[in-house]
Amino acid sequence: MQNPAKDNSQRQADSTLNRRSFLKDSALKSSALAAAAATPYFVPSSAFGANAPSNRVTMACIGVGNQGFPVMQRFLGYDDCQVLAVCDVNKGSNGYKEEKHYYGREPAKQEVEKHYGKQRESGTYKGCDAYNDFREILERKDIDTVVIVTPDHWHSEMTIRAAEAGKDIYCEKPLGLTITEQQAMIEAVRKNNRVCQTGSHERSNPNVMKMIELVQSGAIGDVKRVICNIGRHNKVGPGPGWKEMPVPEGFDYDMWLGPAPHAPFHEDRCLYRFRFNSDYAGGQVTNFGAHSLDMAQWGLGMDKSGPVKVKHVFAEYLPEGSLYNAPTFAHFEAEYANGVQLVCRTAEPSVRCQFEGTDGIVRIENQGRNFATIPYSIKEKRYGSDVPEVYKSNDDHQRNFIDCVKSRDEPAAPIEVGHRSATVCHLGNIAIRLKKELNWNPESEQFVGNDAATALMSRPARKTWQA
Ligand SMILES: NC(=O)c1ccc[n+]([C@@H]2O[C@H](COP(=O)([O-])OP(=O)(O)OC[C@H]3O[C@@H](n4cnc5c(N)ncnc54)[C@H](O)[C@@H]3O)[C@@H](O)[C@H]2O)c1
């Protein structure tokens, strides 16, 4: 744990005194580490007061772009959390989702130091390190948690290494690029007894919780169908014949690619826009789908399972040879073992998820800001003690992570939940890619009788990165 009032030099000097170093040097090393893996690292707040230095969760933010920068700002807002380091392969630039945004490791470092500086009499603070290579962060014993907000093709590599380094992890959705790498992420997190929150923040949205409560309480009768809407592509990218561009200064393109195949640089490939190329992400099916299909899975009580059938319905693409090869329009359907139908399609994204039952409909609208029911009277229903326990988090997904790091409880969106929701997205993408109806066994997590689909459950890693 670190004291935010200390500068970097002081912190380095004190580092041998931190709890982890102490455990490492102690004769009790092996038994203490085993115990530490199972119990909180944290001295109870009653001993020093809620925000005592020993009670602060130390953190490094890896990937500080379109989503990572605001997520980092949220963590900065908690008095019991201390951001010690940021990491990004981009030193600092525009070119993110909005042209006005200037993100990367230097702007992130400045933001952290400005924030903590305001809390000191001197008004200045120099205690946030900026890294290009996340592995240097994982070597630091004084960092308890990492926040991974890089493109999807990096999530598994970083999560597994972080778990092995003993860090607790907040990893953005969709959990991974493929089903098999998500399974490996779970294995690493569980083997190392880490707390891992997936960035499926609808699990901390009170409107969504209310919708799930109504569905699981039987307020709409027997659920027959769930409709999940996903947004359209919001960037076009270069068409066939596009030309390689020089890599901008301050951008480590090789480290951006990491485990992805080598590819010529183009400015539309990387920042924010990676989500439209299947080497790095699954298009809007995994981008939006990781939220809307997560709600479907939750409401249906399928957090440990999934559909048994998935079927391609329709997909549209940019012309062959375009930089973006993920479908611009996508529509797939699935079926659960109990007969519930699932529809996932490119449509009005503000209606993220709609449950249709024998007695009514409930849906989340306005991008999660409110929920609606048909008939209206369902909205007012209260179910008392019969209500299933859906309120694991309050209105703050990042806060829930910090609380769980301290308590060692399961967060609102544990890694298995993130895995199962993202798996439905991947199944949809695989069915769309093969233009097929596929049978899926959610217990063994295998396709039934389709080798081509099984092959798409994983990807070959880039050889240079493996070496
Ligand atoms: N929960 C949500 O609602 C939500 C919203 C947006 C994005 N996301 C997720 O966040 C992730 C990032 O998306 P984004 O829109 O912020 O992308 P982005 O391109 O804007 O930001 C990603 C950042 O990661 C950096 N990066 C890439 N490789 C790196 C590496 N090896 N080491 C360190 N930094 C590296 C990039 O330079 C970039 O600054 C995606 O997985 C996306 O699905 C979640």
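Small disclaimer: the values here were computed from a predicted structure and weren't measured. When a ligand or atom number is given, it counts from 1 through the structure's own listing order. Sequential numbering from 1 along the given sequence is applied to the chain's residues.
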Checklist entry - Please walk me through it: do Gln82 and Arg56 pass side chain to side chain donor-acceptor pair (under 3.5 Å)? => result CA-CA 6 Å; Gln82 176 76 18; Arg56 268 179 211 126; 5.0 Å; no
Compute the minimum heavy-atom distance from [X] to ligand 1 and say whether it is under 4.0 Å.
X: Gly199; value: yes
X: Pro174; value: yes
X: Phe134; value: no
X: Gly104; value: no
X: Tyr96; value: yes
X: His155; value: yes
X: Arg273; value: no
X: His291; value: yes

Next on the checklist: I want to know if ligand 1 touches Met255 in the polar sense, i.e. an N/O pair below 3.5 angstrom.
Outcome noted: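 Yes: some nitrogen or oxygen of Met255 is under 3.5 Å from one in ligand 1.
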Checklist entry - Is Asn132 close to ligand 1, meaning an N/O of one under 3.5 Å from an N/O of the other? => result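 For ligand 1, there is no N or O atom that lies under 3.5 Å from one belonging to Asn132.
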Next on the checklist: Looking only at side-chain N and O atoms, does Arg363 offer a donor or acceptor that is under 3.5 Å from a partner on Gln354?
Outcome noted: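 Looking only at side-chain atoms, Arg363 and Gln354 do form a donor-acceptor pair, the distance falling under 3.5 Å.
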Next on the checklist: Can you check which of Leu257, Asp152, Val149, Asp254 brings a heavy atom nearest to atom 10 (O) of ligand 1?
Outcome noted: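 Of the listed residues, Val149 has the closest heavy atom.
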Next on the checklist: Could you work out, for atom 30 (C) of ligand 1, the closest of Val89, Asp252, Thr198 by heavy-atom distance?
Outcome noted: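 That would be Val89.
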Applying a heavy-atom cut-off of 4.0 Å, say which part of [X] lies close to ligand 1: side chain, backbone, both or neither.
X: Phe274; result: side chain
X: Lys97; result: neither
X: Glu172; result: side chain

Item to check | Proximal atoms of ligand 1 relative to Trp256 (non-hydrogen, under 4.0 Å) | outcome: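 Atoms satisfying the 4.0 Å criterion: 27 (C), 28 (N).
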Item to check | Numbered atoms of ligand 1 (with element) below 4.0 Å of His201, judged on heavy atoms | outcome: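 Those qualifying, in numeric order: 1 (N), 2 (C), 3 (O).
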Next on the checklist: Using ring pair (Phe, Tyr, Trp, His ring centres under 6.0 Å), reason through Tyr116 and Tyr125 one step at a time and then give a plain yes or no.
Outcome noted: CA-CA 6 Å; Tyr116 292 130; Tyr125 174 74; 5.4 Å; yes
Next on the checklist: If we check side-chain contact (heavy atoms from CB on, under 4.5 Å) with Tyr253, which of these qualifies: Pro248, Cys270, Pro264?
Outcome noted: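 Testing each of Pro248, Cys270, Pro264 against Tyr253, the sole residue satisfying side-chain contact (heavy atoms from CB on, under 4.5 Å) is Cys270.
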Item to check | From Phe69, Phe251, Tyr272, residue fulfilling ring pair (Phe, Tyr, Trp, His ring centres under 6.0 Å) relative to Tyr103 | outcome: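 Answer to the ring pair (Phe, Tyr, Trp, His ring centres under 6.0 Å) test with Tyr103 among Phe69, Phe251, Tyr272: Phe69.
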